[in-house]
Number of protein chains: 2
Amino acid sequence: MENKKLSIAILDDHPLIIEGLSTLFSNHEEFDLLGGFNKSEDLYSFEEIDKIDVLLLDIFFGDNNGIDICFELKKKYPKMIILGISSQSERSIVLQLIKQGASGYLLKTAKNEEYIHCIKEAAKGKMVFSKEVQVMLDKIQLSDLKSIPRLTKREKEILALLIKGKSTQEISEELFLSFLTIQTHRRNLLQKFDVKNSLELINFANENGLLNDAHFSNSF
Amino acid sequence: MENKKLSIAILDDHPLIIEGLSTLFSNHEEFDLLGGFNKSEDLYSFEEIDKIDVLLLDIFFGDNNGIDICFELKKKYPKMIILGISSQSERSIVLQLIKQGASGYLLKTAKNEEYIHCIKEAAKGKMVFSKEVQVMLDKIQLSDLKSIPRLTKREKEILALLIKGKSTQEISEELFLSFLTIQTHRRNLLQKFDVKNSLELINFANENGLLNDAHFSNSF
DNA sequence: TAAAAATTACCTGATTTCAGGTATTCAATT
DNA sequence: AATTGAATACCTGAAATCAGGTAATTTTTA
């Protein structure tokens with residue numbers, strides 16, 4: 001009984017990456033590249049979308065981000081194996097993607113053989129990561145143990161200004177509050193985050209994606 | 001009199017991109033791809049380095065950042081035409097690269113024909129940008145006035161530690177330097193970035209993508 | 001080899017942050 | 001009505017940062 005070829009598709013807004021992957025797959029008989037797409041709409045309207053075994057999905061993707069796309073696809077095609085590809089390996093992003101049902105995450109800096117190997121393994125149902133990503137995931141981060149503290153409205157407001165580099169004096173003027181009040185809030189922030197100075201505070205907020213605009217507009 | 005072929009080289013730590021560009025150039029007779037390199041050392045030790053007409057240079061680059069590499073190369077090989085390639089189009093980075101002597105900036109999202117066209121134009125001595133970049137450059141921004149300062153090795157090292165939230169004392173212990181020396185470096189950093197405190201410094205570094213691991217990992 | 005740039009280091013004094021405490025007012029919840 | 005949590009504000013003293021200066025040594029570049 002012969003092995004069926006693995007049907008691959010790519011969604012990436014970098015034509016060069018698609019070109020590179022095409023060449024790669026054309027040199028490996030065990031893969032069948034169904035198509036490479038620059039836009040998510042092109043993939044969605046692809047008539048053979050249900051035949052895709054493995055989808056390589058770019059994470060930093062034009063306007064839609066890959067994480068949302070992964071979520072959508074997994075809902076409609078639960079059997080589709082999705083591998084994130086990206087040039088950055090931000091911990092929080094990798095974890096988020098896995099939560100959305102992806103089977104792994106490959107860096108674009110990975111070697112060709114690594115791609116071939118990982119895709120095969122993923123097709124078998126395994127969770128795969130390219131080397132660098134694996135190393136990164138193995139490091140248990142402080143932020144994994146520390147839970148993100150719950151902040152009050154004022155504290156979030158002050159944190160946002162702090163991150164902009166405003167001093168206590170400036171913040172107090174901007175919010176029409178006493179200098180001493182801001183000092184208290186700052187101290188409470190340092191305590192809540194369990195850090196020893198403002199730089200560490202920002203660093204922590206940064207690691208946990210609290211610096212992104214998204215967090216400040218909605219979730220607070 | 002026949003036109004000589006354009007000699008191209010690529011420096012990019014993404015094998016897939018090199019693969020894609022190779023395929024692209026092999027389909028266009030007017031180009032001669034001398035080599036694709038993953039590491040800057042490989043390029044520096046390339047024996048035909050002085051024959052390169054056009055170098056495609058990745059900007060967010062593993063060990064050294066592309067801007068520094070561009071600066072180095074232009075100094076040694078002033079005639080070499082360097083085009084930045086990247087998946088992000090951060091305004092300040094593009095401008096910085098141009099200041100270092102690059103002849104243009106292409107997004108990895110650009111179409112194949114755009115690549116071909118831009119490389120040809122650049123070889124003629126023109127300044128070229130892929131579409132999106134051009135649109136972005138046309139918008140005049142406040143942040144243009146501030147350029148990203150050129151940092152020394154030590155300064156980058158200290159900035160990296162600062163960003164991690166380390167205090168002057170901690171940094172001095174980690175680098176086996178005097179507390180007072182670190183103070184001097186900190187002051188110089190604030191001056192170079194034209195900011196008034198460390199939080200603003202980090203904020204500025206963040207906005208300009210200097211926080212990315214790429215900049216800091218091995219480059220010192 | 002001379003000049004320029006980088007690295008190291010010190011001094012002083014002003015300003016800001018950090019850490020500990022307390023305390024009043026207001027709003028929401030029980 | 002009593003309690004809790006949030007927001008406000010003050011005090012003190014220690015610690016760290018910031019801003020100005022100078023200067024010797026080493027490395028890199030011209």
Side-chain angles (χ1 to χ4, degrees), chain A residues 148-205 219-220, chain B residues 40 44 64-65 67-78 99-101 147-205 219-220:
Chain A
I148 299 174
R150 220 175 57 78
L151 301 183
T152 67
K153 234 195 256 172
R154 232 355 163 201
E155 285 167 346
K156 287 168 189 168
E157 200 175 7
I158 289 165
L159 176 58
L161 293 171
L162 221 45
I163 281 168
K164 281 190 192 163
K166 306 268 172 115
S167 67
T168 303
Q169 186 62 54
E170 288 172 319
I171 295 174
S172 72
E173 279 161 16
E174 201 162 325
L175 300 180
F176 304 107
L177 292 172
S178 159
F179 177 87
L180 298 158
T181 303
I182 307 300
Q183 274 197 334
T184 303
H185 283 302
R186 284 185 78 144
R187 175 158 34 103
N188 292 339
L189 278 168
L190 293 185
Q191 266 171 11
K192 281 195 179 184
F193 279 90
D194 189 26
V195 292
K196 69 172 192 315
N197 60 43
S198 300
L199 294 184
E200 263 191 49
L201 172 64
I202 289 183
N203 189 42
F204 183 83
S219 75
F220 282 111
Chain B
S40 53
Y44 285 127
N64 253 298
N65 81 57
I67 291 166
D68 289 340
I69 294 175
C70 181
F71 177 73
E72 300 292 332
L73 284 172
K74 266 289 175 184
K75 209 162 43 177
K76 281 189 197 156
Y77 311 100
K99 267 191 203 150
Q100 301 305 337
S147 61
I148 298 178
R150 238 192 115 58
L151 300 184
T152 67
K153 239 193 253 175
R154 239 339 172 213
E155 285 168 346
K156 283 180 192 170
E157 200 174 7
I158 288 164
L159 176 58
L161 292 171
L162 223 44
I163 280 168
K164 283 191 192 161
K166 306 264 171 121
S167 67
T168 303
Q169 186 62 54
E170 288 172 318
I171 295 174
S172 72
E173 281 160 16
E174 202 161 325
L175 301 180
F176 304 105
L177 291 172
S178 157
F179 178 88
L180 296 157
T181 302
I182 307 301
Q183 275 197 334
T184 303
H185 283 301
R186 284 187 74 145
R187 175 157 35 102
N188 291 340
L189 278 168
L190 294 184
Q191 262 172 14
K192 280 196 179 182
F193 280 91
D194 188 28
V195 292
K196 70 171 191 315
N197 61 42
S198 298
L199 295 183
E200 260 191 52
L201 172 63
I202 289 184
N203 188 41
F204 184 81
S219 71
F220 323 95

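Chain letters run A, B, ... following the sequence lines, proteins first, then strands; residues in each count from 1.
For the helix from dT1(C)-dA30(D) to dT30(C)-dA1(D), the end axes, each set by the C1' atoms of five terminal pairs, are bent relative to each other by 60° (nearest 10°).
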What are the atom names and distances for every N/O pair under 3.5 Å that joins the protein to nucleotides 3-13 of chain D?
residue : atom : partner   : partner atom : Å
dA6(D)  : OP1  : Arg150(A) : NH2          : 3.1
dA7(D)  : OP1  : Arg154(A) : N            : 3.3
dA7(D)  : OP2  : Thr152(A) : OG1          : 2.2
dT8(D)  : OP1  : Arg154(A) : NE           : 2.9
dT8(D)  : OP1  : Arg154(A) : NH2          : 2.4
dT8(D)  : OP2  : Arg154(A) : NE           : 2.8
dT8(D)  : OP2  : His185(A) : NE2          : 3.2
dA9(D)  : OP2  : Ser178(A) : N            : 2.7
dA9(D)  : OP2  : Thr181(A) : OG1          : 2.8
dA9(D)  : O5'  : Thr181(A) : OG1          : 3.2
dC10(D) : OP2  : Ser178(A) : OG           : 2.7
dC10(D) : N4   : Thr184(A) : OG1          : 3.3

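For the atom pair Leu199(B) CG and Ile163(A) CD1, the distance stands at 9.0 Å (nearest 0.5 Å). With rounding to the nearest 0.5 angstrom, the CD atom of Gln191(B) is 15.5 Å from the NZ atom of Lys196(B). The OG1 atom of Thr152(A) sits 5.0 Å away from atom NZ of Lys192(A), with the distance rounded to the nearest 0.5 Å.
The nearest whole Å value for the distance from the CD1 atom in Ile202(A) to the P atom in dC18(C) is 10 Å. Between the CZ atom of Phe193(B) and the P atom of dA19(D) there is a distance of 15 Å, given to the nearest Å. When the C1' atom of dA19(C) is taken as reference, atom CG of Leu189(A) falls 15 Å away, rounded to whole Å. Protein atom NZ of Lys196(A) is 13 Å distant from nucleotide atom C1' of dA15(D), rounded to whole Å. Put simply, CD on Glu72(B) is 12 Å from C1' on dT29(D), counting in whole angstrom units. Spacing between atom CD1 of Ile182(B) and atom C1' of dA6(C) amounts to 14 Å, rounded to whole angstrom units. For the pair Glu200(B) CD and dC18(D) P, the computed distance is 10 Å after rounding to whole Å. Here the P atom of nucleotide dT16(C) and the CD atom of Glu173(A) are 10 Å apart, to the nearest Å.
Side-chain nitrogen and oxygen atoms of Thr168(B) include at least one within less than 4.0 Å of the OP1 or OP2 phosphate oxygen of dT17(D).
For residues 173-190 of chain A, every residue pair satisfying the salt bridge (Lys or Arg N to Asp or Glu O under 4.0 Å) rule, not counting sequence neighbours, is listed here: Lys166(A)-Glu174(A).
Contact check for Leu151(B) versus Leu189(B): side-chain heavy atoms found under the 4.5 Å cut-off.
Using a 4.0 Å cut-off between charged side-chain N and carboxylate O, Glu170(B) and Lys164(B) make no salt bridge.
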With side-chain contact (heavy atoms from CB on, under 4.5 Å) as the test, would you mind laying out the steps for Leu175(B) and Ile158(B) before giving the verdict?
-> CA-CA 9 Å; Leu175(B) 301 180; Ile158(B) 288 164; 3.9 Å; yes
Leu177(B) and Arg154(B): side-chain contact (heavy atoms from CB on, under 4.5 Å), yes or no, with the steps?
-> CA-CA 11 Å; Leu177(B) 291 172; Arg154(B) 239 339 172 213; 3.5 Å; yes
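Nearest approach of Leu190(B) to Ser198(B), heavy atoms of both residues: CD2-N, 4.0 Å.
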